[in-house]
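Note that the structure is predicted; figures quoted are calculated from it, not measured. Naming: A, B, ... by sequence-line order, numbering from 1 per chain. Side chains included, hydrogens not; waters and symmetry mates left out as well; all remaining heavy atoms used.
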Amino acid sequence: MTAQLDKMDHVAIDLQHLSKVYGSGHVAVKAIDDVSLHVLEGEIVAVMGPSGSGKTTLLQVIGALLKPTSGDVIVNGTSISACPEGSLCQVRLQTFGFIFQTPNLLSALTAVQNVELAMNLAGAKGEKARQKARQLLEELNLEMRLGHRPANLSGGEQQRVAIARALANDPPILLADEPTANLDSKTGQGVMELLRKIAKDKGKTAVIVSHDLRIRYFADRVLWLEDGRLRPRWSEGVTIDPVCLMAVEKDKTTNVIEYEGEKFYFCSLECRREFEKAPSRFKESKLRS
Amino acid sequence: MVSLAKENLLHEKSKIALSVAGVILAVFLIFATTGLYLGIDRVVENMVLKAGADLWVTSKGSSGSLHSPSLLSSDLGESLRAIDGVQKVAPLIRRPVATELNGEKLLVSVNGYDTESGLGGPWKVVRGAARPGAGEIIVDRVLAKKNGLDMGEYIELESRRFKIVGISDETFTMISYMAFVTLEDARYFMPANLTNFFLIKVDSASQVMDVKKAIESAVAGVSASVSEENAAEAKDETVGGFLPIILVISAIGILVAVLVVGLLVHTMTIEKSREYGIVRAIGATNSYLYRMTLFQALVVSIFGFVIGAAISPPLISLLRYFVPEFVVLLTPQMVLLVFLLFVATGLIASFIPVRRLSRIDPAIVFKG
């Protein structure tokens, strides 16, 4: 059931000709198309691309939440693509720490309980687990928020609790899906700085998928995913929203305006309106080129 | 260890309170209906067993002691006394008398008994004299309470006035109210020289069957039945008829509880689908979610049962104050049975959302 890789023990994640197809026949959609990739231990990789490019599907397949249609996912030398469904729960618990677009905390549990639950699921119980949960939250400057429920935490605090939960079982790999998408730019930057610091301090491998180009400053390596395939850089059909710096596919957005003879594409109406208020402020965005 | 099941329940206090209230209502409904059944069953049984006789002698072919017509000559008493092993013989006149009290028509079962031997007399006098004298009557508690009758007052039965000297309990059968008078006074309601039954007390319990056979062979035209058989027959005649109704009402109570608890866990499953998906994504198995749902369903069922069981007796007493006919008997066996039913309710209810739980996709967490 598992395949051992030789001479590749420094590779944390090895994707081999990975494809994922949703549906079949003429309605089949190829979300990931023959992706091969090595992520080294301790490396932080950002996978960027516009909405619908297959980033989240890629993360789900790596995280054993989706089975690939073809190809292999090898994590720390062990193939998880062929693992039976029953053992994938254990793989997820022991190998991955997930950070989602929304913090996805359990509303009935306090911050410390949210972290402790992840440990309980992995078999750690009692005061020891609770102490470790507290310690993790304290490391993330949440010592004053241990007994707070998610509804009483700010967005940034919730995301930090989610990071603590992801670290609860000391997994070797962190998988983050748009971790800053629901945060304002300052909080998002703070969360990314924290994520990078933790990954580096604790020697974690991290794969972060996002269409927020600012994420690239926090990664060791940036990959571009478009139409399910990894590319050296974005294609002609993709541009960057000058306001939020998200990748936008030109033919998929209706928020387009022309300013001083140049076309600008936006991910949302809000970004377009923001641009219209002070075009000169955004026009020269360095990231657009 | 963090109990997500417990925390989820505590986090939804108002919803849980409403569901527990539904279960409490179902518990009360079941206790009230089955308790009513047991209460009447006990009264009917007592009417025969507490009469104090070992054998009941009736007209041949007449079965039971409550509703089957039995008419015997009073003279048979001498023949019965002559049989070996017979210690006491007492005639019993049991005659339904229709009357009207406070404008309401009702049926009083007048029992004329031998006050000397006490056989066939009231078995639980709660107030007043233990036995009536000439022109006196002991009436049922429910009859007295419903009609505002009290000691020293008079009740008229077929133009004959009786002074109330005692109040007896457990003598209301849903069909009639029992009243006790002397044998001589009861003869007013019967043709001369007739009685309905003879109650026999034998010398020793081991002789009962022998005496029964001896009576049936020595006295023509009579049947003798053992009190226990007679009681079973009386119960069958009286409460056997509405047992199916009681069972149906109890089944409805259980169904209501299953639906209330099932709806709760199902609603929680739907509302928390995303959260359950998160738990699955971070590594929980399906069986973890099943156990969590089972725990929630059992807690609501059992908690509802405990409160329901605790408040039912005082609530029934309160109801009985306003509705005296509400003769309810709660037994430990019945409480245990209802408890087991509610444990089963929790188990069944937890199965309702299982399909939904098994379909929860952990990938749901990736949808913003």
Shortest non-hydrogen contact between Glu7(B) and Ala108(A), atoms and distance
O-CB, 3.6 Å
Can you tell me if CZ on Phe303(B) sees more than 12 non-hydrogen neighbours from other groups inside 6.0 Å?
no
Got a sec: does the CZ of Phe351(B) have more than 12 other heavy atoms crowding it under 6.0 Å?
no
Where along residues 87-100 of chain A does a heavy atom come under 4.5 Å of chain B, listed by residue number?
Cys89(A), Arg92(A), Leu93(A), Phe98(A), Phe100(A)
Toward chain B: residues of residues 146-165 of chain A with heavy atoms under 4.5 Å:
Arg149(A), Arg165(A)
Can you tell which part of [X] gets under 4.5 Å to a heavy atom of chain B, answering side chain, backbone, both or neither?
X         : result
Leu66(A)  : neither
Ser107(A) : both
Leu106(A) : both

Close approach to chain A in residues 275-286 of chain B, criterion heavy atom under 4.5 Å:
Glu275(B), Ile278(B), Val279(B), Arg280(B), Ala281(B), Ile282(B), Gly283(B), Ala284(B), Thr285(B)
Roughly how far apart are Thr102(A) OG1 and Arg274(B) CZ, rounded to 0.5 Å?
4.0 Å
Run the side chain to side chain contact (heavy atoms under 4.5 Å, CB included) test against Leu49(B) and tell me which residues pass, sequence neighbours left out.
Glu45(B), Ser227(B), Glu228(B), Ala231(B)
